[in-house]
Amino acid sequence: MALCWVVDPGAADVGKTCLVDRYLHGRFDGTSRPTVGAAFGAKTVHRNSTVITVGIWDTAGQERFESISKLYYRGAKAALVCFDLTNKASFSKVRFWVDELKAYAPECLIFLVGTKADLVEAGVPREVTEAELTKVCQEAGAVSVKNTSSKSGANIAELFDEVVNEVTDRFQGRGGGPQTRAPSRLPATLW
């Protein structure tokens with residue numbers, strides 16, 4: 001069995017917890033409470049003949065937790081930098097999170113994730129353009145950009161499939177992942 005560690009930094013209220021909940025449990029709860037510190041979840045997937053546990057650290061987006069979020073970056077092979085497609089202010093924080101990841105987890109693969117695509121489809125004005133996404137994706141050296149909806153489930157499975165495939169392809173045989181054991185910094189109670 002191999003492990004694929006993922007973190008999901010982003011501003012508060014962009015839907016990081018809903019994204020993780022949709023992926024792990026196939027459900028949507030529009031009333032979820034803000035994450036305090038970080039929460040952990042895992043899911044087992046199969047890629048070819050390999051069983052991979054995707055471990056996800058759902059980090060808090062509030063500014064008061066920014067200093068501790070970086071503790072969860074070490075050992076992460078992928079990061080889902082989340083922003084709300086209908087909130088330009090959340091998108092303006094993307095560069096901050098990318099810079100943090102590059103400083104604390106330089107080999108981490110970065111995926112930009114636009115959330116709340118269902119609101120755009122329902123007529124809420126989109127505040128982040130595709131041109132802006134493309135530009136920031138290139139500047140960040142991100143693997144890709146995905147617009148998602150935790151409410152409808154749009155692009156959630158595809159996003160995580162791409163993450164697992166990229167991590168496996170890029171790190172396999174380099175001693176960097178997917179890992180075969182949990183990083184030592186994690187609390188033993190999670191394992």
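Side chains are part of it too, since the values below use all heavy atoms of this structure and drop only hydrogens, waters and symmetry mates.
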Distance-minimising heavy-atom pair for [X] and [Y]:
| X | Y | result |
| --- | --- | --- |
| C18 | S150 | C-OG, 3.4 Å |
| A78 | V167 | CB-CG2, 3.9 Å |
| R22 | F28 | NH2-CB, 3.8 Å |
| C108 | A79 | SG-N, 3.5 Å |
| N87 | S90 | O-OG, 2.7 Å |
| I110 | A140 | CD1-O, 4.2 Å |

Can you tell me how far [atom2] of [Y] sits from [atom1] of [X], rounded to the nearest 0.5 angstrom?
| X | Y | atom1 | atom2 | value |
| --- | --- | --- | --- | --- |
| E139 | T134 | CD | OG1 | 11.0 Å |
| I52 | R47 | CD1 | CZ | 6.5 Å |
| E162 | L109 | CD | CG | 10.0 Å |
| C82 | F111 | SG | CZ | 12.0 Å |
| E158 | S144 | CD | OG | 11.5 Å |
| L24 | I156 | CG | CD1 | 11.0 Å |

**Study point:** Donor-acceptor contact below 3.5 Å, side chain T148 vs main chain G114
**Key:**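 Side chain of T148 to backbone of G114, a donor-acceptor pair under 3.5 Å: yes, one is there.
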Exercise for review: Kindly say whether V14 contributes a backbone atom to a donor-acceptor pair with the side chain of T115 at under 3.5 angstrom?
Suggested key: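 A pair under 3.5 Å: yes.
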Review point. Just checking, is any N or O donor in the side chain of N48 or T50 under 3.5 Å from an acceptor N or O on the other one?
Key: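 Distance-only check fails for N48 and T50.
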Check your understanding: Can you list every ring pair (Phe, Tyr, Trp, His ring centres under 6.0 Å) pair that touches residues 114-167, not counting sequence neighbours?
Key ->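 Only Y23-F160 qualify under ring pair (Phe, Tyr, Trp, His ring centres under 6.0 Å).
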Practice item. With sequence neighbours excluded, give me every ring pair (Phe, Tyr, Trp, His ring centres under 6.0 Å) pair touching residues 118-142. Key: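 Not a single pair qualifies under ring pair (Phe, Tyr, Trp, His ring centres under 6.0 Å).
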**Study point:** Counterpart residues, salt bridge (Lys or Arg N to Asp or Glu O under 4.0 Å), relative to D21 (two or more places apart)
**Key:**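 By the salt bridge (Lys or Arg N to Asp or Glu O under 4.0 Å) rule, D21 matches R27.
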Exercise for review: Just do the side chain to side chain contact (heavy atoms under 4.5 Å, CB included) check on R170 and E107 with the steps written out, would you?
Suggested key: CA-CA 10 Å; R170 294 216 190 166; E107 286 201 10; over 6 Å; no
Practice item. Please identify each residue that fulfils side chain to side chain donor-acceptor pair (under 3.5 Å) with K151, with sequence neighbours left out. Key: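 None.
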Revision key, fill the gap. Residues at least two apart in sequence or cross-chain that pass side chain to side chain contact (heavy atoms under 4.5 Å, CB included) with V145, listed by chain then number, are L112, L133, C137, N147
Exercise for review: Please identify each residue that fulfils side chain to side chain contact (heavy atoms under 4.5 Å, CB included) with E127, with sequence neighbours left out.
Suggested key: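 Partners of E127 under the side chain to side chain contact (heavy atoms under 4.5 Å, CB included) test: K88.
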Review point. Do Y104 and V81 sit in the same hydrophobic cluster, where Ile, Leu, Val, Met, Phe, Trp and Tyr count as joined when their side-chain heavy atoms come under 4.5 Å apart?
Key: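 Yes, one cluster joins them.
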Review point. Out of curiosity, does V124 fall in the hydrophobic cluster containing V128 (side-chain heavy atoms, cut-off under 4.5 Å, transitive links)?
Key: no
Point to revise | Residues L85, F83; criterion side chain to side chain contact (heavy atoms under 4.5 Å, CB included); working and verdict | key: CA-CA 6 Å; L85 290 165; F83 60 92; 3.8 Å; yes
